[in-house]
Chemist: 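Below are the C-alpha cells for one structure; questions will follow.
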Amino acid sequence: MSLSKAYDHRGVEDHWYKFWEEKGYFHGRVNPSKPPFSIVIPPPNVTGELHMGHALNNTLQDVIIRYKRMDGFETCWFPGTDHAGIATQNVVERKLAKEGLTRHDLGRAKFIERVWAWKEKYGHRIREQLKALGCSCDWERESFTLDEIRSRAVLEVFVRLYEEGLIYRGERIIHWCPRCQTALSDIEVVYEEKEGTLYHIAYPLEGSFEKIVIATTRPETMLADTAVAVHPQDERYRRFIGKTAILPLLKRKIPILADEAVDRDFGSGALKVTPAHDPTDFEIAQRHSLPAVKLFNLDATTNQNAGAYQGLDRFECRRRVLEDLKRAGLLVKEEPYVYAIGHCQRCQTIVEPLISKQWFVRMKELAQPAIEVVRRGEIEFVPARWTKIYFDWMENIRDWCISRQLWWGHRIPAWHCDDCGQITVSRQTPPACSACSSKNIGQDEDVLDTWFSSALWPFSTMGWPEETPELKYFYPTSLLVTGPDIIFFWVARMIMMGLHFMGKIPFKTVLFNPIVKDEKGRRMSKSLGTGIDPLELKEQYGMDALRFTLAASMTQGQDLKLSLADVEGARKFLNKIWNAVRFALQHLEGFSTERLSFEKLPLQLEDRWMLSRLAHTIETVRKSLDSYDFDLVANTLYHFIWGELCDWYLELSKPRLAKEAPDKKAAQYVLYLTLKETLKLLHPLVPFITEELWQKLSDRETESVMIAPFPRALTAWVDEEAERSMQILQELIVSIRTMRAALGVPPGQRAKAFIRTEDPQIERLAQDHRHFFQQLAWVEELAVGPKIERPKQAPRKVLEYAEIFLPLDGLVNLRRQRDLLSHELKEAQEELKKARLRLNNTDFLRKAPPEIIERERARSEELAAKIARLEENLELLGA
RNA sequence: GGGCGCAUAGCUCAGCGGCAGAGCGUCCGCCUUACACGCGGAAGGUCCCAGGUUCAAAUCCUGGUGCGCCCACCA
C-alpha cells in the first residue's frame, strides 16, 4: 500500500473516531479479570462551547486513559455535563433579554423549558466537540447533573444530611448578587482591589456637644446602623461606652458599646455597627443583642428604612448621604484608601452582604476526614504544592450556603407549612405538614448551588444511591484531572461527600492542569478576543497536532502558553512520522515478522543501536506517563523519532533495503518493529494518525492500535556497547560534516577523509563502518589507522581519541585552520587546568564519590591527549 | 496583612548538587530518489542580584529585586 507524499488529516480523524466507537472500544465493562482504571470527566458547563482549557484538560485525560487501556486495565471514562445553575440561567436570560423578555414574563415552568432547550443544544455540541478531540469517553454512560439519576442522588444526599443535622436553615449574613438576585457562597465572590475613600463621620452624642468619629468605606450603610462600637481597652473612647449617639441624618438613637472585635488602629478606632450588611457587625450585634435594620431591597436599592433616601440605588444613596453629611459638617475627613471589594463570579456585579434566611451545610465535621485522607497521602495532589492551598481552606472552612434564588437547578426538597411554619424535608412530595398535618404546604422556591450536585459526581455518575456493580468495580476512580481554580468549589467537596456517603475517597490522584494562555501570556477569553477555538485548529492543523502541542507544552507548575508556531511544528512532526512509515512501507513489501526472531537475524551495529534506543524510549515514555510529565512524553518521542530513527537509522538502512543483501531481513525486521512500537507509544498522544498508519501495516497485531498492548522494553534490546559505538561514529561523522560545511563543500560532493587514531577499537569501528561515512558524510575514500600521515595543509579536526583530515588542498585557508585549532587548544587547556585543580584538591579526593573522581581522571587524560594532538597539528601548520 | 509560583539562548520553556539543553526564530549551504511540511552545518547564555552552605551550586539556604496568582470579616 502506498501512501501520499504528505499527511492530510482531513477526513482521517472523524473516520477513525467512528470506527472506534462502532467497535465499542470506549465502553468500560465490569470485568473482574482486569484491574479497573476509571476517570470521571470534569463535567463542562452547558453554558456554551468548549474552549482551549477544555481541550487541554480532556486531552490529558484521554492520553492517560488510552495508555491504561492499552496497558491492560479495564478503563472507563465517565462523561457528562453540568447544568451550571447560575451560569446557564444567566446566558438564557441574556438571550431572552434580546427578545425583550425577562424570565418573569415567561414564568417558572416556561422558563425552565427554555433552559432545557438550550441544554439540549449545547449538551449535544459539547459531546460532538469531545468526540472531535478524540476523547475515548464511554458514551453509554453519559450523565447530566440534573438528569433523573443524578437528581435522585442529590435528593438522597440532601435528606440524609438534613436528618444528620448537617444541613440547616438559618438567618445569616450572606453575599447577595443584586443582579442575579440570589445568594452566593463565599467562594463565588471574587475580590478585587479598588482605590476608594475612607470617610470619617462624626456622630453627635445625646445630651452633649461632643461627637464620636467613625470611619467607613460605605457611608450609605450608616442609615442602617444600630450601634457604635469601640475597643474596651481604648482609653480614647472609654468615657463614651454606655452613652448614646444620635445617628446623623436619620436622628435615630444608637448605643455606644465596647467589643473586642474593634481594631483600635484602624481609622478613628470607632466602628459603626450595621448588623444587616456586614459580617463583623452581624457578630457584634449578636453578642450585644442589637437589632438588625435592613437597608436594601434585593436589587440593592434602598428600602423604607432609608427614610428620605428610600428608593435610591446604593451608589446614588452614597452620593446623597455624603452630600448631606458634608452640608451638616459631619463629614470630618476623607482619605484615599485601597480596599478589596467583592464581585459576583458570574456577572461581575458588586455583591451586597446582607442578612437573609438560607440553607447551609455544616462543614467542619465533613472537612475533618477529608483533610486527613490528603494528609495521609491516600489522595495525592500533583503538583503537590496544591495540598497547602487545600489544607488552608479546609482548616478554616465556613458553612456553605447552598440555597439559590434561581429557577434552574435542583429544587430544595423542603416543604413549608402555611399554618404552623414547620418545614418538612422529604424524598417525596409530602401529603401534609409533618407537624400539624395541614395540607397548606408548599415546596421551597429555591434551588441548590450547582456545586452541590457536582460534589456527588464521582458516585452519582455510577448510579448511586443504587448499589450498582459499577460503583463496586470503578469506585474510587483512579484519577481526576482538573484546574486548580476549582479546588474549593469541586475537589474539596467531592472528597468530603465521597468520604461521607461512600465511606471511601472518590479518587486516588488529582492532577491539576495549568491555565491555558495565549502566546503573550494573556488568559484565553472570548470577551478579550484572545480565545482560540480548538475546532478551528482541528480544521487547520488537525486535532492530533493540537493534542501533541498541548501535551508538549504542559509542564507542571506553570501556566501553559499556547503558540500557533508550536502547533505548526507538531503538524510537521506528524508529517515526518507519516513519511517515515511511507518509507518503511516501500521497503517492507511482502515482509512478515512471522518465523523471524531477532536473536537469529544478522543484526548490524545500527540495528542493535536502534533497538537499544527503542528500549530506552519505551522506559522513558512509560515513566513519564506514570508521573504525568506529558512534556517529557512528547519530547522524548519527538527526539527519538526525528533525531534518532529518521536522521540516523533510516538513513543507514537505505542501502540495505535497496537491494537483496544478506542483512536486508534484519533491517526490515528492526525497521518494522521499531515503527510498530513507536506507533503504539505515540497513540495516546496522537490517536488519529497512529490509527491511520496502523491500518496500513501489513501484519498488524491487533485490528486497531487503540487496543494493542502498550510497549514494554525487552531487556534483550538494551545494548550499551552498541550505543557507545554509535555515539563515536556519530561524532566522527558530524565532525566531517562540520568541516565540509565550514569549507563550503556541498553535501553530495564526494570527498576523501583520513582518520588518525591510536586506539585500535576506534580504528576497528571506523574500518568496519566505512559505509556509514559514505552514506552520511559523503566520504568516497576513508583511510583509518595509527600511522596515517598528517597532511601538512589539509583541514583538520582534533578529537579526544582521533584526528580527522580532509585532504582538500585547494580549499584550505591555513590561517583559519590555525585559528580554529588554537582556539580549541586554549579551551582544552583551560578545562584541563580546572580538572587538575579538582584532582589536586585533597578534599575533593576524600569527599567526592569515586565514580565522579574516576570520571574526572578519565576526562583529564582525554584532554591531555587532545592537547598533545592539537599542538602537533599546530606545529605542522607552522604556528 | 498572609501564602504560593516564576525569573536559564532573540522567543517559549526543560534541567533542580558533579562538563549549560530542546523547540521555534536567525545565519550559511543543499531539490542527497520517505519527507523542501525536508536535509546538512553554524552562531547565540554574568543560568535576575547579593551573601551563605558544600570538595563541587543554574540546581540547596538566607536576603533583595521584578513579574504573576491565591487567600483574608481592620470597617
Side-chain angles (χ1 to χ4, degrees), chain A residues 3 5-7 173 186-187 191 198 214-218 221 229 261-274 278-284 337 339-340 353 383 385-386 388-389 392-393 396 398 484-485 487-488 515 519 521 552-553 555 557-563 565-566 568-587 629 631-632 635 638-639 642-643 646-647 650-651 654 658 734 737-742 744-749 775-778 831 834-835 838 841-849 851-853 855-856 859 863:
Chain A
L3 269 51
K5 206 170 160 184
Y7 175 55
I173 290 268
D186 299 332
I187 51 180
Y191 288 90
L198 188 62
I214 57 88
T216 181
T217 54
R218 299 205 53 195
T221 62
V262 179
D263 179 355
R264 275 171 283 188
D265 300 326
F266 185 86
S268 63
L271 168 71
K272 64 189 272 306
V273 181
T274 321
D278 184 280
T280 312
D281 296 7
F282 179 76
E283 281 168 26
I284 292 174
Y337 181 67
Y339 64 107
R385 66 190 154 86
W386 294 111
K388 195 171 156 45
I389 310 277
D392 285 350
W393 190 71
N396 300 298
R398 280 175 287 162
D485 49 329
I487 291 183
F488 311 145
I515 305 283
E519 275 125 317
S553 319
T555 58
Q558 283 256 81
D559 292 338
L560 187 158
K561 283 179 201 139
L562 183 71
S563 141
D566 288 349
E568 175 62 15
R571 198 186 64 76
K572 289 183 177 171
F573 175 52
L574 297 179
N575 189 55
K576 189 77 180 173
I577 298 167
W578 177 266
N579 273 289
V581 174
R582 184 164 99 105
F583 167 80
L585 291 179
Q586 287 170 1
H587 298 282
D629 290 306
D631 58 328
L632 257 181
N635 291 325
Y638 186 95
H639 177 254
W642 205 315
C646 292
D647 286 351
L650 249 47
E651 292 304 325
K654 275 177 181 174
V734 169
R737 284 176 183 166
T738 306
M739 293 164 75
R740 293 177 52 122
V745 184
Q749 186 182 313
Q775 185 71 13
L776 298 177
W778 312 281
E831 274 189 63
K834 272 194 261 175
R838 248 169 284 179
N841 182 336
T842 49
D843 279 333
F844 175 72
L845 294 174
R846 213 173 62 236
K847 293 180 182 169
E851 64 271 22
I852 296 293
I853 298 172
R855 198 193 301 169
E856 206 64 42
R859 169 117 190 98
L863 281 168

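Throughout, a chain's letter reflects where its sequence line sits, starting with A, and its residues are numbered from 1.
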Chemist: Could you pick out which residue, A/A270 or A/D186, lies toward the 5' side of RNA chain B when each is mapped onto its nearest nucleotide?
Modeler: A/D186
Chemist: With the sugar-phosphate defined as primed atoms, P, OP1 and OP2, and the base as all remaining atoms, what B/S/- string results for nucleotides 32-41 of chain B, 5' to 3', for protein heavy atoms under 4.0 Å?
Modeler: B-BBSBSSSS
Chemist: Just to verify, what does A/E651 make a side-chain hydrogen bond (donor to acceptor under 3.5 Å, both in side chains) with, not counting sequence neighbours?
Modeler: A/K654
Chemist: Classify the ring geometry of A/W578 against A/Y7: parallel below 30°, tilted from 30° to 60°, perpendicular beyond 60°.
Modeler: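 Taking A/Y7 first and then A/W578, their aromatic rings sit tilted (interplane angle of 30° to 60°).
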Chemist: Considering only side-chain heavy atoms of A/L271, which listed nucleotide, B/G5, B/A75, B/C73, is closest?
Modeler: B/A75
Chemist: So, do A/L585 and A/L3 sit near enough that their side-chain heavy atoms are less than 4.5 Å apart?
Modeler: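 They are in side-chain contact.
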Chemist: Describe the nucleic acid contact of A/D278 in one word from base, sugar-phosphate, nothing, applying a heavy-atom distance below 4.0 Å.
Modeler: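 No contact at all - A/D278 keeps every heavy atom at 4.0 Å or more from the nucleic acid.
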Chemist: Can you give one letter per nucleotide of nucleotides 16-23 of chain B, 5' to 3': B if a protein heavy atom sits under 4.0 Å from the base, S if only from the sugar-phosphate, - if neither?
Modeler: --BB---S
Chemist: Do A/K272 and A/T274 have side-chain atoms, one donor and one acceptor, less than 3.5 Å apart?
Modeler: yes
Chemist: Side-chain N or O of A/T217 versus OP1/OP2 of B/A75: is the shortest distance under 4.0 Å?
Modeler: no
Chemist: When you measure from the side chain of A/R740 to the backbone of A/A777, do you find a donor-acceptor pair of N or O atoms at a distance under 3.5 Å?
Modeler: yes
Chemist: Given atom CD1 of A/I487 and atom P of B/C69, what is their separation to the nearest angstrom?
Modeler: 17 Å
Chemist: With sequence neighbours left out, write down each residue that passes side-chain hydrogen bond (donor to acceptor under 3.5 Å, both in side chains) with A/N841, or none if nothing qualifies.
Modeler: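 A/N841 satisfies side-chain hydrogen bond (donor to acceptor under 3.5 Å, both in side chains) with no residue once adjacent residues are dropped.
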Chemist: Given the P atoms of B/C19 and B/U33, what is the spacing between them in whole Å?
Modeler: 41 Å
Chemist: Between A/R846 (CZ) and B/C55 (P), how many Å, whole number?
Modeler: 8 Å
Chemist: Salt bridge or not for A/R859 and A/E856, using N-O below 4.0 Å?
Modeler: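 Between A/E856 and A/R859 there is no salt bridge, as every charged N stays at least 4.0 Å from the carboxylate O atoms.
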Chemist: Looking at A/L632, is its backbone amide N or carbonyl O close enough to the side chain of A/D629 to form a donor-acceptor pair, meaning the two atoms are under 3.5 Å apart?
Modeler: no
Chemist: How is the base pairing of RNA chain B summarised as a dot-bracket string, given the Watson-Crick and G-U wobble criteria with both distances under 3.5 Å, [ ] for crossing and | for another strand?
Modeler: ((((((((.[[[[.)..(..]]]].(((((.......))))).....[[[[[..)....]]]]])))))))....
Chemist: How would you list, by chain and number, every residue that makes a side-chain hydrogen bond (donor to acceptor under 3.5 Å, both in side chains) with A/Q775, sequence neighbours excluded?
Modeler: none
